[in-house]
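Nothing fancy with the numbering, it's 1 onward along the sequence.
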Amino acid sequence: MNDSVVARGPCVLHVARVGFIGGAERIALTILAGLHKKNWEPVLACPDGNFPEEARRRSVRYVPCSWNRMRGTYNPLRLLGYIAEVWRAHRQIETILVGGTVDLVHAHHPVMVLYACSSCRRHKVPLLLHLHEGPPGRIFDLIALKVAARFADRIVCASSAGLDLLRNAGGDPAKAQVVKNAVDYDFTRAEVVPCEDARGPGPHIGIFGVLEPRKGQNYLIDAVPLLIDVYPDAKFWIVGGPQFEDKVSYAQHLVSLAQARGVSEHLRFVGHQHNVERWMKAMDLVVLPSVSNESLSVVVLEALYLGISVVATDVGGIRDALKDGETGFIVEPRSAVALARAMTTALTENGGAMTRRAREDAWERFAPDRLVVDMIAVYRRMIADR
């Protein structure tokens, strides 16, 4: 570590397998920023991208690292390459820990535990696994999680669905606890100004998140023709883009699907956006059409916090965030008809007692300081146990 940097308190090294911002990375940013505010010393190690750029904007120190995100494969040559990748990543983390200034390593994916566990044991640094995923989990993911759960000293799950995934993988739930996600500090400012790009006749409906099949944007596009029968001026804003090259074809499929359904004029693909809170504030409704692997959706929490109506599919830990019919609407996944019906109802309810009740509930349960305080309590116990 750089000796010229004065330690501000206990040092926590966050290691992440990607450099692009998704839901897990946004939670990591909230924790990193909160640690800085509370006089801890947060450090981020991950590949280059908008994730470390945003961390630096929040005064978080960044150590550039390059490693493979390691996707499941049956290719024996690629599997052999992964063995070499584990060793290469281990050497990068070893270089960071060798100075002896890191008090704890916070791994944001099971793969990162595999990368960090050897160095953590050598230097007697406690290792925390933060499980952002939810069930069902692919076979390779479950294997990686099972192994990582053995090496991690403690496991934090973002929702009860994360605990279910840990059990499905054969991990020890006695090592785990739930620390629920929260909104980012940018969403707690006194006044979030709506983005001017999303204006004009509406209603305006937002879909936020990376473009990949598990997020179910295709089902939302299938629902558009049904909704515009009721709201002919409706505009759908798809905020986010493909995170990796293997998802580009899916993003292109969404554009083609919109053309095939004859609804292209109602959809706007705007890609990744830095000021997500301003885009969300401009919406009349936020929809999460995911089909699998959600834990506790950050998008849902953020929309509730801003007082925006929400429709979400019944996957993962969505019911940890929403009470169906009380603070939002939960529908079955993979159903364009169910999405369209719920969106119509939500737009009718928009701005009413349900929206106010949902915002009050979110302010109480999902404020960022609550997440940071809970995480610091975990850190303190782990450091004391060391």
Given Met280 and Val299, is the side-chain contact (heavy atoms from CB on, under 4.5 Å) satisfied, shown in steps?
CA-CA 9 Å; Met280 193 172 286; Val299 168; 4.1 Å; yes
Any salt bridge linking Arg58 with Glu54? Criterion: basic side-chain nitrogen under 4.0 Å from a carboxylate oxygen.
yes
Residue pair Ser159 / Ser295, side-chain donor-acceptor N/O under 3.5 Å
yes
Indicate yes or no: at least one non-hydrogen side-chain atom of Lys38 is less than 4.5 angstrom from one of Val373.
yes
Salt bridge check, Asp374 against Arg370: does any charged N sit closer than 4.0 Å to a carboxylate O?
yes
For the backbone of Ser264 and the side chain of Gln259, can you confirm whether one donor and one acceptor N or O come within less than 3.5 Å of each other?
no
When rounded to the nearest 0.5 angstrom, what distance separates CE in Met382 from CG in Asp153?
5.0 Å
Value rounded to 0.5 Å, distance of CG in Leu304 from CZ in Arg359
11.0 Å
Side chains of Gln217 and Tyr250: any donor to acceptor distance under 3.5 Å?
yes
Evaluate the side-chain proximity of Phe187 to Val192: yes if any heavy-atom separation is below 4.5 Å, no if none is.
no
Are Val63 and Val43 close enough, and set up right, to give a side-chain contact (heavy atoms from CB on, under 4.5 Å), and what steps lead you there?
CA-CA 7 Å; Val63 179; Val43 181; 3.8 Å; yes
Which pairs, with at least one residue in residues 322-340 and sequence neighbours excluded, count as a side chain to side chain donor-acceptor pair (under 3.5 Å)?
none
Any ring-ring contact (aromatic ring centres under 6.0 Å, His included) pairs touching residues 143-173, not counting sequence neighbours?
none
Answer yes or no on whether Lys37 is positioned over the face of Tyr185, meaning its NZ or CZ is under 6.0 Å from the six-membered ring centre and within 45° of the axis.
yes
For residues 22-31, tabulate all N or O donor-acceptor pairs below 3.5 Å that involve a side-chain atom, not counting sequence neighbours.
from, atom 1, to, atom 2, distance (Å)
Glu25, OE1, Gly22, N, 2.7
Arg26, NH2, Glu302, OE1, 2.3
Arg26, NH2, Glu302, OE2, 2.5
Thr30, OG1, Arg26, O, 3.0
Thr30, OG1, Asp184, OD1, 3.1

Side chains of Asp103 and Tyr379: do they bring a donor and an acceptor to under 3.5 Å?
no
Heavy-atom side-chain contact between Pro136 and Asn168 under 4.5 Å
no
Rounded to the nearest 0.5 Å, how far does CD of Gln177 lie from CG of Leu163?
9.5 Å
Shortest non-hydrogen contact from Leu226 to Ala340?
CB-CB, 3.6 Å
Side chains of Met112 and Trp67: closer than 4.5 Å at any heavy-atom pair?
yes
Less than 4.5 Å apart, side chain to side chain, heavy atoms only: is that true for Ser297 and Ile318?
yes
Side chain proximity check, Phe20 to Val210, heavy atoms < 4.5 angstrom:
no
Does any pair with a residue in residues 261-304 pass ring-ring contact (aromatic ring centres under 6.0 Å, His included), and if so which ones, sequence neighbours excluded?
Trp237-Trp279
Any Lys/Arg nitrogen of Lys215 or Glu212 sitting under 4.0 Å from an Asp/Glu carboxylate oxygen of the other?
no
Please check: side-chain N/O of Asp284 versus main-chain N/O of Pro203, any donor-acceptor pairing under 3.5 Å?
no
Enumerate the residue pairs fulfilling ring-ring contact (aromatic ring centres under 6.0 Å, His included) with a member in residues 280-307, sequence neighbours excluded, ordered by first and then second residue.
Tyr305-Trp363
Approximate separation, where rounding is to 0.5 Å, of Phe366 CZ and Leu296 CG:
5.5 Å
Closer than 3.5 angstrom, by distance alone: can the side chain of Arg319 be matched with the main-chain N or O of Gly316 as a donor-acceptor pair?
no
With side-chain contact (heavy atoms from CB on, under 4.5 Å) as the criterion, how do Val300 and Glu294 come out once you've worked through the C-alpha distance, each side chain's angles and the decisive distance to 0.1 Å?
CA-CA 11 Å; Val300 168; Glu294 288 287 354; over 6 Å; no
Please answer: with hydrophobic residues joined when any side-chain heavy atoms are less than 4.5 Å apart, are Val60 and Leu128 in the same cluster?
no
Apply side-chain contact (heavy atoms from CB on, under 4.5 Å) to the pair Met343 and Leu220, showing each step before the final yes or no.
CA-CA 10 Å; Met343 284 190 288; Leu220 188 283; 3.9 Å; yes
How close do Cys195 and Ala282 get, heavy atom to heavy atom, and via which atoms?
O-CB, 3.8 Å
Whether Arg57 and Asp186 form a salt bridge (side-chain N of Lys/Arg under 4.0 Å from carboxylate O of Asp/Glu) is what I want to check.
yes
Roughly how far, to the nearest 0.5 Å, is the NE2 atom of His36 from the CZ atom of Arg61?
12.0 Å
Between Ser292 and Arg214, is there a donor-acceptor pair closer than 3.5 Å when you use the side chain of the first and the backbone of the second?
no
According to ring-ring contact (aromatic ring centres under 6.0 Å, His included), who are the partners of His108, at least two apart in sequence or on a separate chain?
His14, His106, His130, His132
Could you check if a side-chain atom of Leu339 sits within less than 4.5 angstrom of a side-chain atom of Asp222, using non-hydrogen atoms only?
no
So how far is it from Leu104 CG to Leu127 CG, rounded to the nearest 0.5 Å?
8.0 Å
Kindly indicate whether the side chain of Glu133, heavy atoms from C-beta on, has any atom under 4.5 Å from the side chain of Leu145.
no
N/O donor-acceptor pair under 3.5 Å between Lys175 side chain and Ala149 backbone:
yes
